[in-house]
Peer 1: 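I have a structure here, written as structure tokens, and I will follow up with some questions on it.
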Amino acid sequence: MSNIRLNTITKKFGTTDVLKGVDLDIDDKEFVTLVGPSGCGKSTLLRILAGLEQPDEGQVIIDGKNVTSMRPADRNLSMVFQSYALYPHLTIRQNMMTPLKLRDLSTSQRLPLIGPFLARKEYKELFSQVDRTAKILKITELLDRKPGQLSGGQRQRAALGRAMVRNPLAFLMDEPLSNLDAALRVHMRAELTQLHQRLGATFVYVTHDQAEALTMSDRMAVMMHGKILQYGSPEDIYQNPANVEVAKFIGSPAINILSASVNDYAQICIQNLILDLFAPTQEPNITIGARPEHLTFCDDNPTALTGFVQHIENLGADLYYHVKIKDEQRPLIVRSAAGNGKRHQIDDLVHVKFDLNSTLAFAADGTRLQTHRKLMDELAS
Ligand SMILES: Nc1ncnc2c1ncn2[C@@H]1O[C@H](COP(=O)(O)OP(=O)(O)O)[C@@H](O)[C@H]1O
Ligand SMILES: [Mg+2]
């Protein structure tokens, strides 16, 4: 069992509020991702969980026990860093047998080997544990090499292996894939997901890459400026973003955002277009969000926006059309399957319609507005 609870964690560096009261619940065996733009406080939160940093307020609870003032080494958590932090003068086997000194990475060069100082029985046990771990990670033939003789992906696996040998309560990972090239990153996403299933351990994973969060997590916490804006399954966050910041951050290409208004009948209007969609709000000005896959081309009709094709991104299976709409600063991005209907060319006049079941609406302050396909009775009266 290893469930983790972070209770209203706050942290200041100087006068900057880096974490502004963060609550997070992580279930046993869950894969939870902290995702958000650079500088939003993800690493700080993970370091507080690991014990490398003290919060100003709040508690870290692991399995019901308050560990806030406990040393990192006593928390039995394993951390995997973006830099891998492998000792360059040790072989991979020696690295895996030597615990990472979490408190002081800078003096790693002078760290003594732990192996020779262990009792013979413990040493043998650790040795075979390394063998078992290396097998799982398919790095057995690399055990006698030094980190400098490994590729990025192999070093990544060795760093993971060192964390696994400890058999920790949970694995903490801070952007572990960001030093890898794009193809290897995608490959490692699948490997990490499978590893998580095989180990049946709790993973807390930090990334700025929304695609990593969507593809790997059981639940993801979207962080911005020191707060968690939304915590939920990838499906929920993608389909039901709680506010416009989450909607814009998650999804690639990004969701299309348009300014809109609400008329006296609570109908949503974009420019002259009246959508058959209602937002019960007193605010006249709102924004709407439509993902590229929720826009389609259609014939000219009163519920479609008209524009010109400005640019086409061909991704093989899909085409992303950038459509310039009059008076809109940014083009709308419309996804179209490559084999689907007529191909448009640059400068073509096109008409775009909204999938009203998936179109999202946000109030001026960014919070989500519930929309309805039919006007509710109480509003009609
Ligand atoms: N030790 C520190 N001293 C001062 N400021 C820091 C320190 N660590 C992080 N920060 C600041 O705190 C903010 C959050 O940092 P961090 O948690 O590393 O963000 P992220 O991992 O989301 O990119 C940043 O503005 C960063 O500059
Ligand atoms: Mg970071």
Side-chain angles (χ1 to χ4, degrees), residues 4-24 26 31-60 68-69 71-72 75 77-86 100-108 152 155-156 159-160 163 170-180 185 188-189 192 203-217 219-232 234 237 241-243 245-252 254:
I4 296 169
R5 189 173 161 69
L6 298 174
N7 257 341
T8 36
I9 301 282
T10 64
K11 180 74 184 173
K12 266 188 210 284
F13 283 119
T15 53
T16 322
D17 286 316
V18 173
L19 297 173
K20 303 172 186 164
V22 174
D23 288 302
L24 188 68
I26 298 168
F31 194 136
V32 164
T33 304
L34 308 176
V35 63
S38 175
C40 71
K42 308 178 295 290
S43 295
T44 305
L45 190 61
L46 197 72
R47 292 169 59 80
I48 286 174
L49 171 53
L52 298 168
E53 206 80 69
Q54 274 296 307
D56 296 335
E57 291 164 80
Q59 296 94 36
V60 179
T68 318
S69 52
R71 294 184 314 144
R75 297 190 186 193
L77 303 169
S78 265
M79 188 120 166
V80 182
F81 294 89
Q82 177 181 352
S83 61
Y84 315 139
L86 293 168
L100 184 60
K101 245 196 167 166
L102 278 183
R103 266 153 303 138
D104 198 0
L105 290 173
S106 55
T107 59
S108 60
R155 251 177 271 168
Q156 175 56 58
L160 266 174
F171 292 88
L172 314 185
M173 305 188 193
D174 194 350
E175 312 249 8
L177 305 187
S178 37
N179 289 344
L180 307 178
R185 234 171 18 233
M188 284 304 291
R189 283 196 320 226
L192 277 177
F203 279 36
V204 188
Y205 187 98
V206 161
T207 181
H208 65 276
D209 180 343
Q210 54 90 36
E212 279 181 19
L214 284 173
T215 49
M216 295 194 293
S217 324
R219 279 193 290 177
M220 53 199 269
V222 184
M223 281 186 76
M224 261 170 235
H225 30 76
K227 277 193 227 150
I228 291 178
L229 297 189
Q230 192 174 359
Y231 185 37
I237 302 253
N243 58 53
E245 284 178 292
V246 173
K248 280 159 116 173
F249 190 73
I250 303 298
S252 173

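Both ligands and their constituent atoms are indexed starting at 1 by order of listing.
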Peer 1: Please enumerate all residues that pass side-chain hydrogen bond (donor to acceptor under 3.5 Å, both in side chains) together with S43, with sequence neighbours excluded.
Peer 2: D174
Peer 1: More than 12 heavy atoms of other residues, nucleotides or ligands under 6.0 Å from NZ of K227: is that the case?
Peer 2: no
Peer 1: To the nearest 0.5 Å, what is the distance between NZ (K11) and CG (L19)?
Peer 2: 9.0 Å
Peer 1: Provide the number and element of each atom of ligand 1 under 4.0 Å from a heavy atom of T44.
Peer 2: 15 (O), 16 (P), 17 (O)
Peer 1: CG/D209 to CZ/R185 distance, rounded to the nearest 0.5 angstrom?
Peer 2: 6.5 Å
Peer 1: Provide the number and element of each atom of ligand 1 under 4.0 Å from a heavy atom of V18.
Peer 2: 12 (O), 13 (C), 14 (C)
Peer 1: Could you pull out, from G39, S43, G226, the option with a heavy atom nearest to atom 13 (C) of ligand 1?
Peer 2: G39
Peer 1: Quickly, which of V35, L172, T33 forms a side-chain contact (heavy atoms from CB on, under 4.5 Å) with Y205? Name it, please.
Peer 2: T33
Peer 1: Among T10, I48, D17, which residue satisfies the side-chain contact (heavy atoms from CB on, under 4.5 Å) criterion with D56?
Peer 2: T10
Peer 1: For the residue pair Y231 and D23, establish whether any side-chain heavy-atom pair is separated by less than 4.5 Å.
Peer 2: no
Peer 1: What residue among Q230, H208, K42 forms side-chain contact (heavy atoms from CB on, under 4.5 Å) with M223?
Peer 2: K42
Peer 1: Could you check atom 19 (O) of ligand 1 against the protein and tell me its nearest heavy-atom contact, residue, atom and distance included?
Peer 2: G41 N, 3.3 Å
Peer 1: To the nearest 0.1 Å, how far is atom 3 (N) of ligand 1 from its closest protein heavy atom, and which atom is that?
Peer 2: F13 CD2, 3.5 Å
Peer 1: Quick one, V206 and L45 - any side-chain contact, counting heavy atoms below 4.5 Å?
Peer 2: no
Peer 1: Within 4.0 Å of atom 27 (O) of ligand 1 (strictly less), any protein heavy atom?
Peer 2: no
Peer 1: With 2.8 Å as the threshold, which protein atoms of type N, O or S lie near the Mg ion (ligand 2)? Leave waters out.
Peer 2: S43 OG
Peer 1: May I ask whether S38 has any heavy atom positioned less than 4.0 angstrom from an atom of ligand 1?
Peer 2: yes
